[in-house]
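Just below is one structure, and these are the notes that go with it.
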Amino acid sequence: MDKKNALRAGTLAAGTTLMMLLMSSPALAVARDDGDDPGPGLSVIETLGYFVGIPIVLFLVIAGLVMVLDRSQKQDTSKNINVRPKADVKV
């Protein structure tokens, strides 16, 4: 019974994958749509700058602003907690 379910699941997965490959037609991606006017491509430096450099800089600026503008008082909770057991406790 276990092999039958595995075979059924494998057949379903293979059939689904095959149908998705047949339904997608990469040849249609070559034809331009009406009003499609792509600009010039990006260089490697521009691509790295836009998709790597700018997000890192934005993260660092936001993290810096959060650290600088955080004016909350840090409370020392160690004074309120008694971690040492009393010596007179007998078991």
Side-chain angles (χ1 to χ4, degrees):
M1 192 65 169
D2 202 39
K3 289 182 183 180
K4 193 180 209 182
N5 285 338
L7 184 63
R8 186 178 295 159
T11 304
L12 181 66
T16 304
T17 304
L18 182 64
M19 287 304 294
M20 290 190 72
L21 286 173
L22 290 174
M23 295 299 286
S24 65
S25 57
L28 292 177
V30 176
R32 298 255 184 240
D33 290 332
D34 290 337
D36 189 15
D37 188 22
L42 298 175
S43 69
V44 174
I45 300 298
E46 289 173 331
T47 303
L48 288 175
Y50 289 145
F51 297 108
V52 176
I54 291 175
I56 289 175
V57 169
L58 283 174
F59 172 78
L60 292 175
V61 167
I62 292 170
L65 286 172
V66 167
M67 286 191 295
V68 167
L69 298 176
D70 183 27
R71 297 183 183 171
S72 64
Q73 299 292 327
K74 300 198 187 293
Q75 297 177 357
D76 188 17
T77 58
S78 64
K79 294 178 184 176
N80 300 334
I81 300 172
N82 186 8
V83 292
R84 296 185 186 148
K86 294 181 181 179
D88 59 349
V89 174
K90 295 181 182 179
V91 179

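Predicted model only: the values in this text are computed from it and were never measured.
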Inset, instruction - Please go through Val52's hydrophobic cluster and name the other residues, only I, L, V, M, F, W, Y counting, with side-chain heavy atoms under 4.5 Å joining them. - result: Val44, Leu48, Ile56, Phe59, Leu60
Inset, instruction - Give the other cluster members for Met67, using side-chain heavy-atom distances under 4.5 Å between Ile, Leu, Val, Met, Phe, Trp and Tyr residues; answer none if it is isolated. - result: none
Legend entry - Atom pair CG/OG1 of Leu22 and Thr17 - distance to nearest 0.5 Å: 11.0 Å
Inset, instruction - Answer with yes or no whether the hydrophobic clustering places Met20 together with Leu12; edges join I, L, V, M, F, W, Y residues whose side-chain heavy atoms lie under 4.5 Å apart. - result: no
Inset, instruction - Would you kindly confirm whether Tyr50 and Leu58 end up in one hydrophobic cluster when ILVMFWY residues are joined by side chain heavy atoms under 4.5 Å apart? - result: yes
